[in-house]
Amino acid sequence: MSTTINSPFLGLAGVTAHQVVRRFGERTVLDRLDLTIGEEELLVLLGPSGCGKSTLLRLLAGLDRPDGGTIEVPVKRAVVFQGDRLLPWQRVLPNVTLGLRGPDADARGRAVLEEVSLAGREQAWPKELSGGEAQRVALARALVTEPDLILLDEPFAALDAITRLRMHGLVRELRSKHHAAMLLVTHDVDEAIALADRIVVMSQGQIGTSHEVHLSGAERAGSIQREQLRSALLADLGLATSL
């Protein structure tokens with residue numbers, strides 16, 4: 001019997017998943033998985049396509065329910081998907097404030113658009129945006145509600161390399177302004193190293209290994225420590241022979 005607990009007050013742990021099971025037919029995608037995410041921690045969930053990363057994210061987002069185990073998450077949470085999922089019939093500002101109530105909704109929307117460097121684009125249509133701009137709008141939409149947990153499901157996978165690096169820089173800037181726990185799902189080792197406080201690698205429906213990342217900005221860009229971590233992550237993924 002599965003139990004999902006939504007609580008805005010979880011002490012030191014922003015997220016706790018205990019013995020979580022998720023099956024699709026006869027296939028077990030998550031097999032008694034345990035995971036915690038601390039308050040304000042940026043955790044990167046790394047693994048190959050099809051390993052269950054997005055399945056776990058959907059459970060934490062409340063978009064799906066487990067077949068077993070317990071999940072504790074903050075009530076206030078937001079999701080940024082790989083696609084921007086903007087409403088094409090709404091301009092940028094209404095897309096950001098979608099579902100937001102109160103007389104200050106537009107002001108809050110404009111404030112977060114400024115944070116993602118889109119001030120002045122409030123009246124643009126989604127079709128007028130570049131891929132990077134559209135994802136920045138999606139980030140703004142997630143931030144406008146001041147969530148305690150932000151879930152990012154490979155949000156930069158479709159972007160070109162230069163735009164992706166810029167988005168990494170933006171995420172780091174936003175972390176200093178917003179005090180939310182973050183879970184980033186990716187299959188990109190370099191992206192994981194660039195952003196994470198901690199990297200966990202999925203294996204056979206469970207958390208296989210966990211790596212704390214204690215690297216400065218310069219060390220993340222290039223250092224012996226970075227290459228050692230990268231080698232360890234590739235080994236965890238069964239790709240050590242690709243070095």
Q: Decide yes or no on side-chain hydrogen bond (donor to acceptor under 3.5 Å, both in side chains) for Glu146 and His179, but give the supporting numbers first.
A: CA-CA 9 Å; Glu146 291 293 340; His179 303 285; over 6 Å; no
Q: What verdict does the side-chain contact (heavy atoms from CB on, under 4.5 Å) test give for Leu86 and Leu129, after you've listed the backbone C-alpha separation in whole Å, the side-chain angles of each residue and the deciding distance to 0.1 Å?
A: CA-CA 11 Å; Leu86 301 183; Leu129 304 176; 4.0 Å; yes
Q: Can you check whether Gln135 reaches Met167 side chain to side chain, under 4.5 Å on heavy atoms?
A: yes
Q: Determine whether a donor-acceptor pair (N or O, by modelled atom type, separation under 3.5 Å) exists between the side chain of Asn95 and the backbone of Gln90.
A: yes
Q: The test is salt bridge (Lys or Arg N to Asp or Glu O under 4.0 Å); show your working for Arg198 and Glu41 and say whether it passes.
A: CA-CA 8 Å; Arg198 180 163 57 102; Glu41 181 180 29; 2.8 Å; yes
Q: Checking His18 against Glu72: is there a side-chain donor and acceptor pair closer than 3.5 Å?
A: no
Q: Identify each donor-acceptor pair in which a side-chain atom of residues 199-208 lies under 3.5 Å from a protein atom, sequence neighbours left out, and give them as a table.
A:
| unit_1 | atom_1 | unit_2 | atom_2 | d |
| --- | --- | --- | --- | --- |
| Gln206 | NE2 | Asp31 | O | 2.9 |

Q: Taking all heavy atoms of Ser54 and all of Asp153, pick out the closest pair and write down the distance.
A: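 Heavy atoms only, the tightest pair is OG-OD1, 2.9 Å.
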Q: Would you name the heavy atoms of Trp89 and Trp125 that are closest together and state the gap between them?
A: O-CZ3, 3.4 Å
Q: CG of Asp148 to CD of Glu40: how many Å apart, nearest 0.5 Å?
A: 10.0 Å
Q: Please evaluate residues Asp67 and Val20 with respect to the criterion side-chain contact (heavy atoms from CB on, under 4.5 Å), reporting the C-alpha separation (whole Å), side-chain torsions for both, the decisive distance (0.1 Å), and the verdict.
A: CA-CA 7 Å; Asp67 296 304; Val20 171; over 6 Å; no
Q: Does any part of the side chain of Leu174, heavy atoms only, come nearer than 4.5 Å to the side chain of Leu143, both counted from C-beta?
A: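 Touching, per the 4.5 Å side-chain cut-off.
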Q: With a 4.5 Å heavy-atom cut-off, do Glu122 and Leu113 have their side chains touching?
A: yes
Q: What closest approach, in Å, do Pro74 and Val15 show between heavy atoms, and which atom pair accounts for it?
A: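 Minimum heavy-atom separation between Pro74 and Val15: CD-CG2, 4.2 Å.
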Q: Supply the atom-to-atom distance Ile71 CD1 to Leu35 CG, rounded to the nearest 0.5 angstrom.
A: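 Here the interatomic distance stands at 10.0 Å.
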Q: Anything under 3.5 Å between a donor and an acceptor, one on a side chain of residues 44-52, the other on a protein residue two or more places apart or in another chain? List them.
A:
none

Q: Using atom types as modelled and distance alone, determine if a side-chain donor or acceptor of Arg136 lies under 3.5 Å from a backbone N or O of Val116.
A: yes
Q: For Leu87, does the CG atom sit with more than 12 other heavy atoms under 6.0 Å from it, leaving out its own atoms?
A: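 Yes - once you tally the heavy atoms of other residues, nucleotides and ligands closer than 6.0 Å, there are more than 12.
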Q: Could you tell me whether the side chain of Asp84 reaches within less than 4.5 Å of the side chain of Val137, counting heavy atoms only?
A: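 No, side chains not in contact.
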Q: Can you find a pair of side-chain heavy atoms, one from Arg65 and one from Arg22, that are under 4.5 Å apart?
A: no
Q: So which atom in Val79 and which in Ala61 form the shortest heavy-atom distance, rounded to 0.1 Å?
A: CG2-CB, 3.5 Å
Q: What is the distance from atom OG of Ser231 to atom CG of Asp236, rounded to the nearest 0.5 Å?
A: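 So the OG of Ser231 and the CG of Asp236 are separated by 11.0 Å.
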Q: Spell out, as yes or no, whether a donor-acceptor pair under 3.5 Å connects the side chain of Thr163 to the backbone of Leu159.
A: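 No, Thr163 side chain to Leu159 backbone: no donor-acceptor pair under 3.5 Å.
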Q: What pairs with Ile224 under side chain to side chain contact (heavy atoms under 4.5 Å, CB included), at least two apart in sequence or on another chain?
A: Gln228
Q: Taking atom CD1 of Ile37 and atom CG of Leu149, what is their separation to the nearest 0.5 Å?
A: 6.0 Å
Q: For His168, what residues pass the side chain to side chain contact (heavy atoms under 4.5 Å, CB included) criterion, not counting sequence neighbours?
A: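 Counting only residues at least two positions away or on another chain, His168 forms a side chain to side chain contact (heavy atoms under 4.5 Å, CB included) with Phe156, Arg164, Leu165, Arg172, Glu191, Ala194, Leu195.
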Q: Indicate, with yes or no, if Leu63 and Val21 share a hydrophobic cluster defined by side-chain heavy-atom contacts under 4.5 Å among Ile, Leu, Val, Met, Phe, Trp and Tyr.
A: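 Different clusters: Val21 never reaches Leu63 through Ile, Leu, Val, Met, Phe, Trp or Tyr contacts under 4.5 Å.
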Q: How long is the span from the CZ atom in Arg121 to the CZ atom in Arg110, to the nearest 0.5 Å?
A: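 These two atoms lie 14.0 Å from each other.
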Q: Tell me, with the steps shown, if Arg23 and Val29 meet side-chain contact (heavy atoms from CB on, under 4.5 Å).
A: CA-CA 6 Å; Arg23 303 184 186 91; Val29 177; over 6 Å; no
Q: Check whether any side-chain heavy atom of Arg108 sits under 4.5 Å from a side-chain heavy atom of Leu100, and report yes or no.
A: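 Side-chain contact under 4.5 Å: yes.
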Q: Between Glu154 and Lys53, is a side-chain contact (heavy atoms from CB on, under 4.5 Å) present by the stated rule, with each step listed?
A: CA-CA 10 Å; Glu154 301 193 54; Lys53 304 186 303 297; 4.3 Å; yes
Q: What heavy-atom pair brings Arg85 and Arg141 nearest, and what distance separates the two atoms?
A: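 Smallest interatomic distance, heavy atoms only, reads O-NH1, 3.3 Å.
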Q: Looking at Thr28 and Leu30, would you say the former's side chain and the latter's main chain have a donor-acceptor pair under 3.5 Å?
A: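 No: the side chain of Thr28 does not pair with the backbone of Leu30.
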Q: Tell me whether Val96 shares a hydrophobic cluster with Leu98, the cluster being built from Ile, Leu, Val, Met, Phe, Trp, Tyr side chains joined at under 4.5 Å.
A: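 As far as the 4.5 Å side-chain criterion goes, Leu98 and Val96 are not connected within one cluster.
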Q: Is there side-chain contact between Gln123 and Arg91, with heavy atoms separated by less than 4.5 Å?
A: yes
Q: Should Arg166 and Asp160 be marked as a salt bridge (Lys or Arg N to Asp or Glu O under 4.0 Å) after you check the CA-CA gap, both sets of side-chain angles, and the distance that decides it?
A: CA-CA 10 Å; Arg166 288 173 177 162; Asp160 64 81; over 6 Å; no
Q: What residues form a side chain to side chain contact (heavy atoms under 4.5 Å, CB included) with Arg220, not counting sequence neighbours?
A: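 Here the qualifying residues are Val213, Leu215.
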Q: I want to check something: taking the side chain as every heavy atom from C-beta on, are His211 and Leu229 in contact at a cut-off of under 4.5 Å?
A: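 A side-chain contact exists here, since the closest heavy-atom pair is under 4.5 Å.
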Q: Suppose we screen for salt bridge (charged side-chain N to carboxylate O under 4.0 Å, His left out). Which residues come up paired with Asp197, at least two apart in sequence or across chains?
A: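 Scan of Asp197 (salt bridge (charged side-chain N to carboxylate O under 4.0 Å, His left out), adjacent residues dropped) gives Arg175.
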Q: Taking all non-hydrogen atoms of both residues, which atom of Glu128 and which atom of Ala124 are closest, and how far apart?
A: OE1-CA, 3.4 Å
Q: Atom CG of Asp188 and atom CG of Leu233: how far apart are they, to the nearest 0.5 Å?
A: 11.0 Å
Q: Which of these, Val112, Val80, Ile150, sits in a side-chain contact (heavy atoms from CB on, under 4.5 Å) with Leu139?
A: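 So, applying the side-chain contact (heavy atoms from CB on, under 4.5 Å) to Leu139 and each of Val112, Val80, Ile150, only Val80 qualifies.
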